[in-house]
> 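Below you will find the structure I want to go over with you.
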There are 2 protein chains.
Amino acid sequence: MADQIDTSARILDAAERLVQLRGFNGFSYADVAAELGVTKASLHYHFPSKSDLGEALIVRYGERFGAALEAIDAAPSEAQEKLLAYADLYANVLEDHRMCLCGMLAAEYKTLPEPMQRAVLAFFERNEIWLAGVLEQGESRGDLHFTGSSQDLARAILSALEGALLTSRPYDDPARFQTTARRLIAMVA
Amino acid sequence: MADQIDTSARILDAAERLVQLRGFNGFSYADVAAELGVTKASLHYHFPSKSDLGEALIVRYGERFGAALEAIDAAPSEAQEKLLAYADLYANVLEDHRMCLCGMLAAEYKTLPEPMQRAVLAFFERNEIWLAGVLEQGESRGDLHFTGSSQDLARAILSALEGALLTSRPYDDPARFQTTARRLIAMVA
DNA sequence: GTCTATAACGAGATAGAC
DNA sequence: GTCTATCTCGTTATAGAC
């Protein structure tokens, strides 16, 4: 049983990396199998269809992202600091030339099986809600000042960070994303 | 010869739409052929390899985008107006659920043949240069005030708009992009 | 310039032995 | 759980007739 969990996790690790690098339509079971030194049939035992694998990837990614958001909330800091910590989550993603998993899947959205589409939207909505909360907290405490709804601004921040990942990724320069991200956060705060 | 041009253009039209909708790895010659009512072999006559077709798509898209930028420049307006007009170019893209061609290809970047990678980067760099020019013009005329380099801010704007396309696209609501885009431009101006 | 036919390969997926 | 073997289909691409 420990083996099964371990193997499933290793499959997810390899598949996650491949999707973030090449997209859901840009990798195959053969790629993952070769990377792990097992056969494709073995992968199908753990994840019968590619759609199953895709769903599992998004769920796990969302859980990890959610945990990171809770960790940011745990430390009592000002809204600006939280936003910068949030941007750092994105910067970490980029480090080995990856795209955000759900940003990548958003590009491929129209080609995804329905369950994956729903999971991608859920991921973004969760992030928007968290961001809106940070913004409202910042405003009520006087750390932050903005016009319009916190939801709209949350969407703008999320979009901007995903876009910064998208356009920075071709370059080998991690500072490129950082510069853009900090400039965007600075616009808010 | 008129036929050839016409057929090539029709192929490009169909392929462009498919790439913007489903990605370069998400469409096939068979899709285009079915849409135009011709055979796959006929497509290979006009564009021997898929890479050739991809390059042609980016070049044509870049030319059209460049012409749109020139059109914006032609009318003597303030920097803010030009930025809004620029954002509208993106909004138009989204209208039939398309992604920006080069934004889509940026997601798939790692899987693209080298000539296409170079063409994608050239597209973004051209846009950055144009945006930086608008920002500098705005600053020198006193329409606009910003800190840091015009290049960095240009990149932030481009990234933010691409990201807004990416995250708005799953929704059927064109206003969603507009709200986000105007919020982002408002941050600058 | 478009067609038919086909090659050559890789994809997702399944059956059944171990 | 993992393997070998295989199926079926879709993919890019080419040869050669019309």
Side-chain angles (χ1 to χ4, degrees), chain A residues 1-58 104-105 108 110-117 119, chain B residues 1-58 104-105 108 110-117 119:
Chain A
M1 191 170 29
D3 255 12
Q4 180 178 351
I5 293 170
D6 189 53
T7 302
S8 288
R10 287 177 63 224
I11 293 170
L12 289 171
D13 288 341
E16 185 179 75
R17 192 185 126 268
L18 286 167
V19 174
Q20 291 187 251
L21 240 49
R22 308 177 47 87
F24 190 71
N25 296 325
F27 89 104
S28 71
Y29 270 39
D31 297 327
V32 178
E35 197 165 313
L36 300 187
V38 296
T39 61
K40 291 187 292 172
S42 181
L43 300 192
H44 280 287
Y45 169 80
H46 294 277
F47 302 97
S49 77
K50 205 183 177 189
S51 176
D52 294 325
L53 175 55
E55 277 183 69
L57 283 176
I58 305 171
M104 179 64 85
L105 296 177
E108 299 177 291
K110 281 276 186 310
T111 74
L112 300 179
E114 248 199 60
M116 287 184 66
Q117 293 187 335
Chain B
M1 190 169 30
D3 257 12
Q4 181 177 350
I5 292 169
D6 189 53
T7 303
S8 290
R10 287 177 64 224
I11 293 170
L12 289 170
D13 288 340
E16 184 179 75
R17 193 184 126 268
L18 285 167
V19 174
Q20 291 186 253
L21 239 49
R22 307 178 46 89
F24 190 71
N25 296 325
F27 89 104
S28 72
Y29 270 39
D31 296 328
V32 179
E35 198 165 312
L36 300 188
V38 297
T39 60
K40 293 183 288 172
S42 181
L43 300 192
H44 280 286
Y45 169 81
H46 294 277
F47 303 97
S49 76
K50 205 183 176 187
S51 176
D52 295 324
L53 174 56
E55 278 182 69
L57 284 175
I58 305 171
M104 179 64 84
L105 296 176
E108 300 177 290
K110 281 276 186 312
T111 73
L112 300 180
E114 248 198 60
M116 286 184 67
Q117 292 186 336

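We name chains A, B, ... by the order of the sequence lines, and we start the count at 1 in each one.
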> Should A:T39 be listed as having a side-chain N or O under 4.0 Å from OP1 or OP2 of D:dT2?
no
> For B:Y29, which residues count as a ring-ring contact (aromatic ring centres under 6.0 Å, His included) partner, sequence neighbours excluded?
B:H44
> Just by distance, do the side chain of A:E35 and the backbone of A:A14 share a donor-acceptor pair under 3.5 Å?
no
> How many Å lie between CZ on B:R10 and P on C:dT2, as a whole number?
9 Å
> For C:dT2, does either OP1 or OP2 sit under 4.0 Å from a side-chain N or O belonging to B:T7?
yes
> To the nearest Å, give me how far apart CG (A:L36) and P (D:dC3) are.
10 Å
> Mind checking the CG-CG spacing from B:D6 to B:D13? Nearest 0.5 Å is all I need.
9.0 Å
> Got a second to check how far A:M104's CE is from A:R22's CZ, nearest 0.5 Å?
9.5 Å
> Using a cut-off of 4.0 Å between protein heavy atoms and nucleotide atoms, how would you tag nucleotides 12-18 of chain D 5' to 3' with B, S and -?
BBBB---
> Looking only at non-hydrogen atoms, find the nearest pair between B:F47 and B:A56 and report the distance.
CE2-CB, 3.7 Å
> Rounded to the nearest Å, what distance is computed from the CG atom of residue A:N25 to the C1' atom of nucleotide C:dA11?
12 Å
> Among A:E16, A:M116, A:Q20, which residue satisfies the side-chain contact (heavy atoms from CB on, under 4.5 Å) criterion with A:L57?
A:E16
